[in-house]
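Chain letters run A, B, ... following the sequence lines, proteins first and then strands; every chain starts at 1.
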4 protein chains.
Amino acid sequence: MTSKKMNKFELILDAAVKVFAENGYHGSQVSKIAKEAGVADGTIYLYFKNKEDILVSLFRERLGELVGKFEASARESATADEALRRICELHYTELEQNPTLAYVTQIELRQSSLELRKAIGQALKPYIDLIENVLVKGMDEGTFRAGTDVKLTRLLIFGAMDEVVTSWLISGRKYSLSGQIENTVSFFLRALKP
Amino acid sequence: MTSKKMNKFELILDAAVKVFAENGYHGSQVSKIAKEAGVADGTIYLYFKNKEDILVSLFRERLGELVGKFEASARESATADEALRRICELHYTELEQNPTLAYVTQIELRQSSLELRKAIGQALKPYIDLIENVLVKGMDEGTFRAGTDVKLTRLLIFGAMDEVVTSWLISGRKYSLSGQIENTVSFFLRALKP
Amino acid sequence: MTSKKMNKFELILDAAVKVFAENGYHGSQVSKIAKEAGVADGTIYLYFKNKEDILVSLFRERLGELVGKFEASARESATADEALRRICELHYTELEQNPTLAYVTQIELRQSSLELRKAIGQALKPYIDLIENVLVKGMDEGTFRAGTDVKLTRLLIFGAMDEVVTSWLISGRKYSLSGQIENTVSFFLRALKP
Amino acid sequence: MTSKKMNKFELILDAAVKVFAENGYHGSQVSKIAKEAGVADGTIYLYFKNKEDILVSLFRERLGELVGKFEASARESATADEALRRICELHYTELEQNPTLAYVTQIELRQSSLELRKAIGQALKPYIDLIENVLVKGMDEGTFRAGTDVKLTRLLIFGAMDEVVTSWLISGRKYSLSGQIENTVSFFLRALKP
DNA sequence: TATGAATGAGCCTTCATTCAT
DNA sequence: GATGAATGAAGGCTCATTCAT
């Protein structure tokens, strides 16, 4: 069994994703997560400081992986255009293929204190930075217009994609999210052209 | 005094904005709102179904006013370009001048159940529709590229602005939000040009 | 019904004496006290800050009454001898007639944090002071030996009586406590004679 | 090193005295005692039945030593007067020189169930008996008044000294405890003289 | 309408104890 | 004997909501 070797930390995190997605953060009792993970309530507290810490860890771990993929993907891209396209592709397809995670990150993780929101912001920082790097690279290449306000633009791009994902989730995932890649990227590239 | 005539409903709503902004939704006890409003706890329940209903009403009422302004502003605009610029102007300046409301709508209102998120979506619908109308108008005028996916683009535009506002709030309002209007609008217009 | 007029504060305090005496402080759940008092759990917290506050209030209220009696009794005494006798009489008879209160004050109230021990000490202060005053009076009268260390002696007297009461309780109240008055007082008076 | 030979039982007991003194009984987790002793949590249960048993053992062992000293000291005394003086001397000086033990026996050990209180009473029995023997000896010698109620008097004497020690501890040990020996003993002897 | 005292369901967390290794 | 990860029962407290006045 891999479950034997799979450490409790990951086990609990997996259970938490499921329970949070089904019941929301405030609707998820710690005991419910413990039950789902097949451990005792107290065991949770051997691996997490408290309930909120489960949420933060969830974000850090799972989003950390994603950000890693983003970085790898961007690195492989020859041009800034290509990099931006890949970022959007990954953003949409990863969340589309992982609707439970999408649900937790887009809906549940937002239901938290300012304290936590800042922690989340911290975890997202590398992603936002990645977008910024692509913008700088594009300007260096001459692909993107010189004088672009990168601090602002990275927010516009991230916010735009983020809203598309949330809207897709709230609609009940009635349409294809990856189907929006082409138009989304075109929108960004036109806006960025010199 | 208008306070004599000002009905309890508005009185409680005003108190709620203040209390929610100071303590967050989950940190705001109904009794605290009642105290701030100068009414008894029970009185709240003569005007609102439950605690969540205060939040929903708050959103509907206060955002309703805002959306009214948006519509009026858009109607006065001769061109779609102009209309889009005014929307962004209003979006940023209104929230910049009303940081308490901004805080509640951008941060606190998001800390809520899917149920409520849908209600909020409902309240925002007219605003999203307004953006859509401007896009259609622009295509009709020939100012915006034909074949623009309006359903997607309205989300990109709203999401982009929304993220900029949230980021500004979380940063502690250290810079001017209205100072971002020019670059934000340029970004959108370039993206939309034929 | 007096229970209609009897305020909840006293009602809860009475219930607490009973429950504490039966189960000890740590064995007494707040819910058990509430049930005994015939109120809801939450009601307790309208009258007391927390569980420990019930104990402190209990001490302050009930012991306050006792100390009042002691003071009245001492005031009526013509001589210091007489006053000391009355103090011992009251001390033993009041607790003998009120074994539940005796149990709580001698056994349960001691099972508490240093914090609480200090609060209890504060509540007992007037009683200790009263003994001190009697000692001073006796020295003035010439009944008690001059140069008696009142700070020490008041402790010796209080501690001696306190131990007798506790021992009587732990023994299961198998003998008469008031039957010890004569010998106890004689012991003190002999020790105090010039 | 004696620590090599010093068995775990004593090791844990020493750790317990320290931890109890610092945190109180209810504030002392078994794991904290284990850590202080440098053993695993589970090891505790190889030497003690449960948490309360640590407290009882502590009392029995450490107080047993003390009582041994008391007995030796009393045996060496020629007269009952002398014996009583030595008992008081030892009582005050031992606890004064060992404030940690004093704290545990006077304050923490009292924070316990009736069950435990009885066990403590049992451990103190030899000490109380010792006082009783001295009283009997004094009566035989003719030093103490005939007809003294020894069962009562031993309690008065023990309770008086006990209160002095507790009061000294609660005051923060601001004055000398051994400085109270002379007056305490005089008080007892006067009370006991024929 | 308005009040606010009373309700009581609900839940996170602690920690003494066990047991497979 | 020794370990320490795992257990899971237990309980103090909060607060949205009700209802007699």
Side-chain angles (χ1 to χ4, degrees), chain A residues 7-9 11-12 25-35 37-54, chain B residues 7-9 11-12 23 25-35 37-55, chain C residues 7-9 11-12 23 25-35 37-54, chain D residues 7-9 11-12 23 25-35 37-54:
Chain A
N7 66 48
K8 293 267 200 306
F9 183 81
L11 197 63
I12 293 167
Y25 179 68
H26 291 290
S28 297
Q29 297 86 329
V30 171
S31 62
K32 212 182 274 179
I33 296 171
K35 196 171 195 179
V39 299
D41 293 17
T43 305
I44 302 270
Y45 292 86
L46 296 176
Y47 296 90
F48 301 90
K49 216 166 58 228
N50 51 36
K51 189 183 170 186
E52 190 167 289
D53 189 38
I54 304 177
Chain B
N7 65 45
K8 291 264 199 324
F9 183 82
L11 198 63
I12 294 167
N23 311 281
Y25 180 66
H26 290 291
S28 298
Q29 296 84 332
V30 172
S31 61
K32 212 183 273 179
I33 297 172
K35 195 171 192 179
V39 301
D41 293 17
T43 305
I44 301 270
Y45 290 86
L46 298 174
Y47 296 90
F48 301 89
K49 209 165 67 219
N50 52 36
K51 187 182 172 186
E52 192 167 287
D53 190 37
I54 305 176
L55 203 56
Chain C
N7 67 48
K8 292 268 200 310
F9 182 80
L11 196 65
I12 293 167
N23 311 281
Y25 179 67
H26 291 292
S28 296
Q29 298 85 328
V30 171
S31 61
K32 212 182 274 179
I33 297 171
K35 197 172 194 177
V39 300
D41 292 18
T43 306
I44 302 271
Y45 292 88
L46 295 177
Y47 296 91
F48 301 90
K49 214 164 62 225
N50 51 37
K51 189 183 171 186
E52 190 167 288
D53 190 39
I54 304 176
Chain D
N7 63 46
K8 291 265 200 321
F9 183 81
L11 199 62
I12 294 167
N23 311 281
Y25 180 66
H26 291 291
S28 297
Q29 296 84 331
V30 171
S31 61
K32 212 182 274 179
I33 296 172
K35 196 171 195 179
V39 301
D41 293 16
T43 305
I44 301 271
Y45 291 87
L46 298 174
Y47 296 91
F48 300 90
K49 211 166 65 221
N50 52 36
K51 187 183 173 186
E52 191 167 287
D53 190 38
I54 304 176

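- Between F/dA6 and A/Lys8, a contact under 4.0 Å exists linking OP1 or OP2 to a side-chain N or O.
- Listed nucleotides: E/dT1, F/dG11, E/dT17. Nearest to the side chain of B/Tyr47: E/dT1.
- If you check E/dA5, E/dT17, E/dT3 against the side chain of D/Asn50, the one that comes closest is E/dT17.
- Among the nucleotides E/dT3, F/dA9, F/dC15, the one closest to the side chain of B/Thr43 is E/dT3.
- For D/Ile33 and F/dG4, the CD1 to C1' distance is 16 Å, given to the nearest whole Å.
- Smallest separation of non-hydrogen atoms from D/Asp41 and D/Ala34: OD1-CB, 3.6 Å.
- Looking at heavy-atom distances under 4.0 Å, B/Phe48 makes no contact with the nucleic acid at all.
- Counting heavy atoms from C-beta on, the side chains of C/Val30 and C/Tyr45 come closer than 4.5 Å.
- Taking atom CZ of residue B/Phe9 and atom P of nucleotide E/dT1, one finds them 13 Å apart after rounding to whole Å.
- Distance NE2 (C/His26) to P (E/dT14): 18 Å, rounded to an integer number of Å.
- Closest to the side chain of D/Val39, from the set F/dC15, F/dT3, E/dA6, is F/dT3.
- Taking the six-membered ring for Trp and thresholds of 30 and 60 degrees, C/Phe48 and C/Phe9 have nearly parallel ring planes, at less than 30 degrees apart.
- Side-chain N or O atoms of C/Lys51 include one that pairs as donor or acceptor with a backbone N or O of C/Tyr25 at under 3.5 Å.
- Residue A/Lys35 contributes atom NZ, which lies 18 Å from atom C1' of F/dA6 at whole-angstrom precision.
- Along DNA chain E, the nucleotide nearest to A/Ser31 and the one nearest to C/Gly42 differ in position, and the one closer to the 5' end is contacted by C/Gly42.
- Considering all non-hydrogen atoms of both residues, C/Thr43 and C/Ile12 come closest at O-CD1, 4.5 Å.
- The residue among C/Lys51 and B/Val30 whose nearest nucleotide of DNA chain F is located toward the 5' end is C/Lys51.
- Nearest nucleotide to the side chain of B/Leu46, out of F/dT3, F/dG8, E/dA2: E/dA2.
- When rounded to the nearest whole Å, the span between CD1 of B/Ile54 and C1' of F/dT17 equals 12 Å.
- Closest contact between the side chain of D/Tyr45 and the listed nucleotides E/dA6, E/dT17, F/dG4 involves E/dT17.
- Between B/Leu11 atom CG and E/dA2 atom C1' there is a gap of 13 Å when expressed in whole angstrom units.
- Base pairing annotation: E/dT21 forms a Watson-Crick or G-U wobble pair with F/dA2, both donor-acceptor distances under 3.5 Å.
- Comparing E/dA5, F/dA9, F/dA6 by their nearest atom to the side chain of A/Asp41 picks out F/dA9.
- Rounding to whole angstrom units, CG of residue D/Asn23 and P of E/dT14 are separated by 16 Å.
- Between C/Ile44 atom CD1 and E/dA5 atom P there is a gap of 16 Å when expressed in whole angstrom units.
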